[in-house]
Amino acid sequence: MPKVLTGHAELIGTTMVEPGQPLPKDADKDLIKRLEAEGRLADVKPADLKAAEEDSDA
Amino acid sequence: MPRPGVTVELVEDAPSGQAVLDSGQAFFAGVAERSPDHAIRVSSLSEYEANFGARSGGSLLYDSAAAYFTEGGAVLYVSAVAGPAAETATGTLAPFTVNARGAGEWGNQVAVRTEDASATGGAGAVQFVVAYDGTDVERSPALTSPQALVTWAQTASRTVTLTYTTGSLAPVAAVTLSGGADDPTVDATALKAALDRFPYELGPGQVAIPGLATQLAYDALFEHVDDTRRVALLDAPDSPDSLVVGAAATGLQTDARSRYAAMFAPWAIYPGPATGVTVTVPYTAVQAGLLARLDAQTQNPNLAAAGVNGITRGAIGLTQTWTDTERETLNTQGVTVALSKYGTIRTYGARSAAGPAELNWMWFGGAREVMAVAHEADAIGENFALKQIDGQRVLFSQLNSALKGMLLDHYRRGALYGETPEEAFNVNTSASVNTPATIAAGEVHAVIRLKTSPTAEWVHIVVIKTALDRPLAA
């Protein structure tokens, strides 16, 4: 299931990810573990994620 | 030109020609919705929003600017970090080329048009109208010459700049700008480019990349403050594990430049943009505001914005809570920790990132005092750099008294330590520093020695002014 960032924006690799946005595909595994431990990742349904992306494109 | 009534135009302040010596000013770099290619001085959140866009395009920087102003900050220089692929939206509205002010996709929502204004401005007059996201946001006065419109855009528009190509003014239907693109890449090159937009001449202050708790950001800040004689505020990772936070600080202590930096943890919680919503703010932004408030009240950069002097106005919580032991350990490792006490959120500590082994530099106030003195001494030296050097050394003794006068002010405010002024500071402009060789080179030298704390040794600041305005070496 895709995961989105919660809390505040985070620099992941060289990409700044805003809360509510999905993690980049090449995100570092250690960083994902840390974010998971901090409760900073939320599961979203693929359909919701697609809708959110379409909203942001509009 | 017939112009009935009065047209009022609001224009941002022109930069002052004087040296800026407000040690409370802050410099923030970060990702924003709009990425202008230069740093912009803002003094309120609405001014930030007008220049750097909405919160959604860069929430960390937006929330940081908001917290800085809430806590009492007055002057903030902002520089947007953008990757190399960021593009500025552009369009053609005869007789102009229109560019969005700052790169980014936001520019594709800007539409521009010119309307007939001959009724109010006389024959041939037009008004230039800028719309954003379907709503008119800016409108020029009725003007008759293309040059006047270019000047209007330059001085009054927050959204577009105009370049005159050829032709005359006429009403033209709306044109939407296009080609704007974001590039969220934040790498060493992008960070350096953003920080380089804060040149030495803007004066002393606190520099931060709020929320970026990575070695990349720390290195970029160290290099910047080493060049500009400012101080850096570093965010620790927003981690519940105090060992992770402590490791971030101890990892910096082999770098001598860490004496001009301080690290802060945890992050603060502030009321958010809507009722019932909170946001987490990097503590560097909070501390920058607290320092600005205290500097304005006391004019003493060596005073710690901590304890009763470090109580936040707007924070309602902290992201992490640690035990007293964990907090004390972090403090000795060079992390300044905020805590909740008596119902308020406050900074509790004033360590530099240099760590406990650097007895001279373990307190951050000392680094800030050296920063303030170095910039003020440079500004004073400016008055002497272009003068004829005389045989009787009158010039050097005048420089000596001017520097001593400045240091005496610092001493009276309690920023320098000693039973007497002589124990606290000393200025040397004698023949030992102004040698025949330096005089022949057209240089004016001064060596300042000062004590920033009862335990610290003398700190030396060497001021060298030449007619070429070379930055001082410390």
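Every heavy atom of this structure was used, including side-chain atoms; hydrogens, water molecules and symmetry mates were not. Below, chains carry the letters A, B, ... as their sequence lines are ordered, and counting in each starts from 1.
Contact of the A:Met16 side chain with the B:Leu212 side chain is registered, since non-hydrogen atoms from C-beta on lie closer than 4.5 Å.
Residue B:Thr278 does not touch chain A at all, counting heavy-atom pairs closer than 4.5 Å. Neither the backbone nor the side chain of B:Val279 comes within less than 4.5 Å of any heavy atom in chain A.
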Check the pair B:Asp238, A:Glu10 against side-chain contact (heavy atoms from CB on, under 4.5 Å), reporting the backbone distance first and the verdict last. CA-CA 10 Å; B:Asp238 183 20; A:Glu10 188 86 34; over 6 Å; no
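For the side-chain contact (heavy atoms from CB on, under 4.5 Å) criterion with B:Pro184, the lone passing option out of A:Thr14, A:Leu11, A:Thr15 is A:Thr15.
Remark: B:Tyr68 engages no residue in a side chain to side chain donor-acceptor pair (under 3.5 Å) (not counting sequence neighbours).
Of the listed residues B:Leu216, B:Thr319, B:Thr185, the one with more heavy-atom pairs under 4.5 angstrom with chain A than any other is B:Thr185.
Rounding to the nearest 0.5 angstrom, the gap separating the OG atom in B:Ser59 from the NE2 atom in A:His8 is 9.5 Å. Interatomic distance, CD of A:Glu38 versus CD of B:Gln320, reported as 7.0 Å (0.5 Å rounding).
Heavy atoms only, all atoms of each residue included: B:Thr280 and A:Gly7 are closest at OG1-C, 4.3 Å.
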